[in-house]
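What follows is a set of notes on a single structure, which appears directly below.
Reminder, nothing fancy here: chain letters follow the sequence lines and each chain counts from 1. Basis for what follows: all heavy atoms, side chains included, without hydrogens, waters or symmetry-related copies.
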Amino acid sequence: MKIVVCVKQVPDTTEVKIDPKTNTLMRQGVPSIVNPHDKHALEMALSLRDQLGGSVTVLSMGPMQSQEALRECLAMGADHAVLLSDRAFGGADTLATSYTLAAGIRKIGEFDLIICGKQAIDGDTAQVGPEMAEHLGIPHITYASQVEAGADGAPVRVHRDGEEGTEILEVKLPVLLTVTHYGDGPRLPVVKGIRRAFRAEVDVWSVNDVEVDRNVLGLKGSPTQVRRIFSPDKRCGCEMIPGDACAAASVVATKLRELRIIGVGS
Amino acid sequence: MDFKLTAEQEMLRKTVQEFAAKEVAPTAAQRDEDEQFSRDIYNKVGALGLTGIPFPEEYGGAGWDNLTYIIAVEELSRACASTGITFSASISLAAWPILAYGTPEQKKQFLTPLADGSKLGAFGLTESGAGTDAAAQQTIATADGDNYILNGVKTFITNGGEAEIYVIMAMTDRSKGTRGISAFIVEKDTPGFTFGAVERKMGIRASATQELIFRDCRIPKTNLLGREGDGFKIAMATLDGGRIGVAAQALGIAQRALDEAVKYAKERRQFGKPISSFQGISFMLADMATQVEAARLLTYRAAYQKDQGQPYSKEAAMAKMFASDAAMQVTTNAVQVFGGYGYSREYPVERLMRDAKITQIYEGTNQVQQMVVSAAILR
Ligand SMILES: Cc1cc2nc3c(=O)[nH]c(=O)nc-3n(C[C@H](O)[C@H](O)[C@H](O)COP(=O)(O)OP(=O)(O)OC[C@H]3O[C@@H](n4cnc5c(N)ncnc54)[C@H](O)[C@@H]3O)c2cc1C
């Protein structure tokens, strides 16, 4: 099975703070990591490969520094790594990003499965995976938690986790999946994997290496523009309402009515 | 001069940190309490590939270097000093002399399983009458046809009872003094090789320390390591490298104590403020941090010298002496920062303090390190 996993290098958001004056992310000194959901996607891909054979290619779009993230994926066991890196790709929103990644996938060529993390923890949009599937004209299944491969060429069964339970879907390949969490979580790289990763080539492709319409790339091709980033004011007070359940309930009801959360008549 | 580790080494460090946090640290206090050696953890250390770091690929290793191996010892020890020494004793004291002095057949047979982590190694030099005076060996090896017959008792042997492969020093010719000592590879389950008392210890209680007893233990002559009479030289060279491992163990313990003390000092409030706001505490933390950093530089430097193929005996002795003294001081001060809670077994720093003490003693007491360093500078 030929699998492509899309990964993004992101700032470790557990360590990022927002400058309250400028409302911008304070990125200095914040370590870069592989987007955690993408690591689960990679784990799913590696497990499938280990079980069925084939290959796993990791694909990323980003600055040259993103090679670090791809190396980590190689260390975990990915077979090939490709980085789409060019000034022309910079400033992209989800539409331009998914367009560019789709072009990268076309260049990679044959594939059975594309697996993405559910969302990147810096943007949190969850749009890039599904949009990429649209660009490529293939089906997609979000929140996949398990894949059962059939015989060669047969449809695969995908478990899709929802709040109410798990849906089991049958789908023909190629398909794109997005993953929140897989199994016991991503494996650690082993020492020999780290050694291999640092001796492997990361293919770096510029705008000239992929077939794209330059007008819909990067900032130019991005209908979404970020105006402002801010943390909402934290206004959470907590009030304890004493007394027996009946009396407390009527106090709560009165308060909710005052706040116009429930109607006066109800 | 470049003080930066490579990106590859940084990835290794991060990997060992994540591994230790998940697989080693959570049970460390309980294993200490129960004096419980864990083979399961060592198997995982092997599966991760840490055991192969400094060995060539043809013998199951990763073809990497000593500095990277030392970083692994440091990070494992930060989570659990017992795991750190279990690892270091197998790699530095058992696998390394086989790499350095073994025949290709011995390397294939004994180094490969040590490097891939499927087997555990140990090193037996110390006897009840031969501690610092390691040359006073009473264990004897008598040649008999295609065999040697071993008789004697080794005390305080790390990984004793648990290891499968033992590098053992014994007298082959008492008349030749230190030149009459030879090194042998002895496998567990060889008839005549049994284990005696299990040592009950102050610290590193989750590491195995046991007596080795040889009673007419017959081993093939092909298990002689190096030539007859090379044993003392092999033992001293092995300890030179092992000391870098002990320095790294001490460094890991000290770093952990510093981490714990800094965290606690920010959280604990007295007089309405965090205790870190008192200079009496913050300056103590500053000294601790400086000691840890100095220990790290000496330790990495000794490993670097070894990787460069340069002499490292003096550097290793300095690193071991300094890092172990630093570990003792830093852990003692960490207990001080914690106050009464530091003395309680509910918190990790009392274990760190007990674990630190051994690093001043084994693989040559710090008095021995002073002898090594003074001999080198007064030459
Ligand atoms: C937990 C543990 C694990 C160990 N693991 C191993 C192992 O795997 N393999 C192994 O072979 N050994 C091992 N040892 C043994 C250890 O290396 C010895 O305990 C150590 O070398 C000291 O020997 P000793 O205990 O006989 O002390 P002694 O030699 O009796 O020393 C007692 C004191 O006298 C000092 N002293 C002795 N001679 C001199 C001198 N000439 N000048 C100044 N001071 C001197 C020493 O520094 C020390 O302070 C281990 C010990 C312990 C406790």
Candidate pair B/F87 and B/Y69, rule ring-ring contact (aromatic ring centres under 6.0 Å, His included), full reasoning: CA-CA 10 Å; B/F87 175 55; B/Y69 154 63; 5.4 Å; yes
For A/T142 and A/R160: C-alpha separation, side-chain torsions, deciding distance, then whether side-chain hydrogen bond (donor to acceptor under 3.5 Å, both in side chains) applies. CA-CA 7 Å; A/T142 51; A/R160 179 177 198 267; 2.7 Å; yes
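Residue contact with chain A, scored on non-hydrogen atoms closer than 4.5 Å, is absent for B/K22. Within the 4.5 angstrom heavy-atom criterion, no atom of A/R187 approaches chain B. Contacts of A/A75 with chain B are made by side-chain atoms alone, with heavy-atom separations under 4.5 Å and no backbone atom involved. Only the backbone of B/A47 comes within contact range of chain A, judged by heavy atoms closer than 4.5 Å. In this structure, chain B has a heavy atom under 4.5 Å from the side chain of A/R199, while its backbone stays farther away.
Ion pairing between a basic and an acidic side chain is recognised when a charged N comes within 4.0 Å of a carboxylate O; B/E363 and B/R243 show no such pairing.
When each of A/K192, A/R195, A/E68 is checked for heavy-atom pairs under 4.5 Å with chain B, A/R195 comes out on top.
For the pair A/V58 and A/H80, the minimum side-chain heavy-atom distance is 4.5 Å or more.
For B/T51 (side chain) and B/A115 (main-chain N/O), a donor-acceptor pair under 3.5 Å exists by modelled atom type.
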